[in-house]
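See below for the structure under consideration.
Numbered from 1 within each chain, the chains take letters A, B, ... in sequence-line order.
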Amino acid sequence: MIQDRLANLLREACLPLLSDRQHVEEALCEIRIETPGNPEHGDFACNIAMQLAGPLGANPRQIAQKLVDNLPADPLVERVEVAGPGFVNFYLSPGWLHDALAQCLEQGENYGCSDFGDGEKVQIEFVGAGPVGPIHIGNARGGPFGDTLANLLEATDHEVEREYYINDGPTNTQFQLFGASVQARYRELLGEKLDFPEQGYQGEYVVEFAQQLVNQYGTQYRDVPADADGASLFSGLLRDNVIEQLRDDCTAMGIEFDVWFSEKKLHAEGLVEEQIDRLLASGAAYEKDDAVWLRTGEHGDEEDRVLVRSDGAPTYIASDIAYAANKFYTRGFDRVIYIWGPDHFGYVPRMKAALAAMGIDIERAEFIIYQTVRFLEGGEPLSLSKRRGDIVTIRELIQDIGRDAVRFFFLMRSVDAHLDFDLDLARQQSAENPVYYVQYAHTRLCSILREAETVDYLGEVDGDLSLLIHPDELALLRKLADYPAEVLRAAQERAPHRLPHFARELAQAVHQFYTNCRVLDRDDPALSCARLRLVAGSRIVLANILELMGITAPERM
RNA sequence: GCGCCUGUAGCUCAGUGGAUUAGAGCACCGGACUUCGGAUCCGGGUGUCGGGGGUUCGAAUCCCUCCAGGCGCGCCA
C-alpha cells in the first residue's frame, strides 16, 4: 500500500533525529499517513513532526523541515512540503494512481485484501435470536452486521467461523414459555379451551406452529398436562421446525452459518456440569444458600452471580461458561467475537468476569452491542414485542424492499447509533435507496464493457494508463487506490458501516467519470483502451465492495 | 439511583487515531446529453457540532460537569 511506502520513507527520515530507543519506537508506532481533506494539501499528509515536537522539545516546523531534508528519494514522490503548523505534505506523481489501477486489474476479486490478520482464527457469533419464532426486524440488525464483519475479517486474512447459538436449553425460560404458548394454541385448535399462559407469545405464527403439530401428530398430545413438563415437551417437538425457519430467515438475508450450536447439547453431554465442577474445584465458584455462585465480583462485575439455582437448575451463565470453554479450550479460537442486541448490554461485564474467573484472557473476547432499531410507520414509532405478536418479520421486510436494500440499510449506520427505520419510506422509496445508486454504477460499467466487445477499432492498441489525466479520471483512480486501506480500516475498527459510505462515494466518482469522459471513441483508440481499463478496474472494486456487504452486483437492472 | 449508547444542516446520518476552510444523502429550487443505460450529471448551505468549563499553538474529536433522548441493571434470557 502506498501509505506504507510513505510511512517507511518518513521512518527512515526520523531515525537521525531520535536519540534513544523509546522515541524510535513511539515514532514507529505513530507514523500515520492521512488523506488531507483539501487536495491543495497534497495527496497524503503526516503530522509526525507535531507529535515529535513534545518529546524532542523542538519546533514542529523545524522538525518537519529536517524530515523533508532527510527523506529518501522515491520516483513516485514529486515533491514534499512543510505546511501549516508542521505538516509534511506529499505530492505524488499521477503514476502512483496508474500503478494502483494496474494492481487492481491484476488482483481482480482479491483487490482490497491484505494480510493484516496473519491467519488469526476468529469465531464470530451473531443473530442468536431465540428459537421462539421467526426473525423479525427488531432483532435482525446483528445479522447483516455480523456477516459483513466476518467478510471483512476474511478479506484481511483471518480464518473466520460464523456461528449461531441456539438457546434451546432447559435454562431458557423463554423457550419453555414458547412451548406452553404453542400447547395452548394446539389444544384450542383441537376444540379445547386452555388458559393462555400469562406473558405467553401472542403472535399468529404460534398458531401456525400449533397447526403444524396438529397436522403432524393429530390429537396425540391433547391430554398432556399444561405444566412445566408439558411446555418442555411442546418446545422440544417444535425445536427443529423453529430452527429450520430461523435458518431460512438467515438464508433470506444472505447469511450462511458454518455452525449452528445447540445449548441443549451442552447440557446433554454433561459439559455444563463439568465446567461447574471445575470452577468449584478451582475455587472460582462456591456454594451459598443452597445455590452455586461464581466469583465474578472479583473480576469487575458488581456482584457474584448464580450458576446453579437453589432448586438445582443451572442458570444461563452456566450454559455460557460451558459454551465459552468449548470455544476457547476445545476448539481453540484465537479470538471470539460476540455480537449481541441492546438487551444483553448489562450481561457484558458479568460475561467478561466469568471468562476471567475461568482463567481465559479476556483480551481474546470482544463484545459488540448493537443499538436499538426504531421503526416508524405512519409517523409513529412501532411498538414491537414478540410476545404480544405485533411483529414485522424480516421476510416481510425483504419482500417489501428487497434483500439488497435491507442489508444496505442495516449496514449504513454505526452499530453504536440508534437506527431509525421509516417503514413507509422504505416501502415507497425503495427506488431512491442509495443501494440502487451504487448498483447502477456497476451496471453502467458492465454495459460499457459489453459495448466494447462489439467494436472493431480496439484490436492492437495497448491501454497506456498514463493517458488517464482528466480530473474525473484521477478522482476515480484515487477512490480505487484508497480502497484497500478502507477495507483494512473497516475491519480493524469493526466498522462495516464504512463500506456503504465508501461505496456511495465510489459510485459517485464512477457516475461523474461516465458523464464527462466518453470511453469508447473511434477517433482515439488509445484513450478508449486506457479508459476501458479504468472501467474494468472500477467495476472490480464496486463488485468487491458489494460482495463484502453481501449485496448483489447486477450486470443489468 | 447506577451503568452504557446517542445529541452535528429542515429530516436521516458520516466525520470523533486532535491538525490547515465541518461533510453526504434525502427534501426543496434551477439547469444539462443528436454517441457507451437519465435509476445519471451540474449549480444552489449564515450549522450556538446539546450547554458550560478545562487541556492545547490548534477541539465536533481528549478531560470534567450539566441537560435531553434511548437502552440495561433477577436464583429471567
statement: When both distances are under 3.5 Å in a Watson-Crick or G-U wobble arrangement, the nucleotide paired with C49(B) is none
message: Mind checking if D311(A) touches a base, just sugar-phosphate, or nothing, with heavy atoms under 4.0 Å?
response: nothing
Residue A83(A), side-chain atoms from C-beta onward, closest of U20(B), U35(B), U12(B): U20(B)
task: Please state whether the phosphate of G23(B), meaning OP1 or OP2, lies under 4.0 angstrom from any side-chain nitrogen or oxygen of H501(A).
output: no
field: C5(B) pyrimidine/purine six-ring stacking with H418(A), under 5.5 Å and 30°
entry: no
field: Selected nucleotide, minimal atom distance to Y437(A) side chain, candidates C75(B), A14(B), C41(B)
entry: C41(B)
message: Could you tell me how far apart Q492(A) (CD) and U16(B) (P) are, to the nearest whole angstrom?
response: 14 Å
message: Within the 3.5 Å criterion, strictly below it, is a donor on T35(A) or R478(A) matched to an acceptor on the partner's side chain?
response: yes
- request: Determine whether any donor atom in the side chain of S310(A) lies under 3.5 Å from an acceptor atom in the base of C75(B), or the reverse, and answer yes or no.
  value: yes
query: Aromatic rings Y347(A) and Y316(A): how do their planes relate, parallel, tilted or perpendicular, breaks at 30° and 60°?
result: tilted
field: Phosphate OP1/OP2 of G38(B): any Y436(A) side-chain N/O under 4.0 Å
entry: no
query: Once the angle between the rings of H344(A) and W340(A) is folded into 0 to 90°, is it parallel (under 30°), tilted (30 to 60°) or perpendicular (over 60°)?
result: tilted
Nearest listed nucleotide, side chain of Q508(A), among A77(B), G25(B), U35(B): G25(B)
Presence of Y514(A) side-chain N/O under 4.0 Å of G38(B) phosphate oxygens OP1/OP2: yes
- request: Indicate, with a heavy-atom threshold strictly under 4.0 Å, whether T173(A) touches base, sugar-phosphate, or nothing.
  value: sugar-phosphate
query: So what does C517(A) touch, heavy atoms closer than 4.0 Å: a base, only the sugar-phosphate, or nothing?
result: base
- prompt: Applying a 3.5 Å limit to both distances, which nucleotide forms a Watson-Crick or G-U wobble pair with C73(B)?
  reply: G1(B)
task: Among G38(B), A77(B), U16(B), find the nucleotide with the atom closest to the side chain of R489(A).
output: U16(B)
- request: Between A60(B) and C49(B), how far apart are the C1' atoms? Round to whole Å, please.
  value: 5 Å
query: Taking any strand in view, what nucleotide pairs with C36(B) in a Watson-Crick or G-U wobble way, both distances under 3.5 Å?
result: none
query: Do you see a donor-acceptor pair shorter than 3.5 Å between the side chains of H511(A) and R444(A)?
result: yes
message: Rounded to whole Å, please give me the gap between CG in D301(A) and P in G74(B).
response: 11 Å
- prompt: Is it true that E263(A) and K265(A) make a salt bridge, defined as a side-chain N closer than 4.0 Å to a carboxylate O?
  reply: no
- line: Scanning all shown strands, the Watson-Crick or wobble mate of A24(B) with both distances under 3.5 Å is U12(B)
query: Would you say R374(A) reaches U6(B)'s phosphate, i.e. side-chain N/O to OP1/OP2 under 4.0 Å?
result: no
- request: Could you work out which one of G38(B), U20(B), C71(B) sits closest to the side chain of R444(A)?
  value: G38(B)
Residue D289(A), side-chain atoms from C-beta onward, closest of A77(B), C75(B), U20(B): C75(B)
- prompt: Where the side chain of W293(A) is concerned, which of G70(B), C75(B), A77(B) is the nearest nucleotide?
  reply: C75(B)
- line: Here the distance between atom P of U20(B) and atom CD of E34(A), to the nearest Å, is 9 Å
message: Of the options A14(B), G38(B), A77(B), whose atoms approach the side-chain atoms of Y316(A) most closely?
response: A77(B)
query: Where the side chain of E302(A) is defined as all heavy atoms beyond and including C-beta, which of C73(B), C76(B), A14(B) is the nearest nucleotide?
result: C73(B)
query: Within less than 4.0 Å of OP1 or OP2 of U40(B), is there a side-chain N or O belonging to Q512(A)?
result: no
- prompt: With a 4.0 Å cut-off on heavy atoms, is H41(A) in touch with a base, just the backbone sugar-phosphate, or nothing at all?
  reply: base
- prompt: Does a side chain donor of either T552(A) or D404(A) reach within less than 3.5 Å of an acceptor in the other side chain?
  reply: yes
statement: Among A77(B), A39(B), C36(B), the one nearest any side-chain atom of M557(A) is A39(B)
task: Please check the phosphate of A14(B) (OP1 and OP2 only) for any side-chain N or O of R504(A) closer than 4.0 Å.
output: no
- request: For the residue pair W260(A) and Y164(A), categorise the inter-ring angle as parallel (less than 30°), tilted (30 to 60°) or perpendicular (more than 60°).
  value: parallel
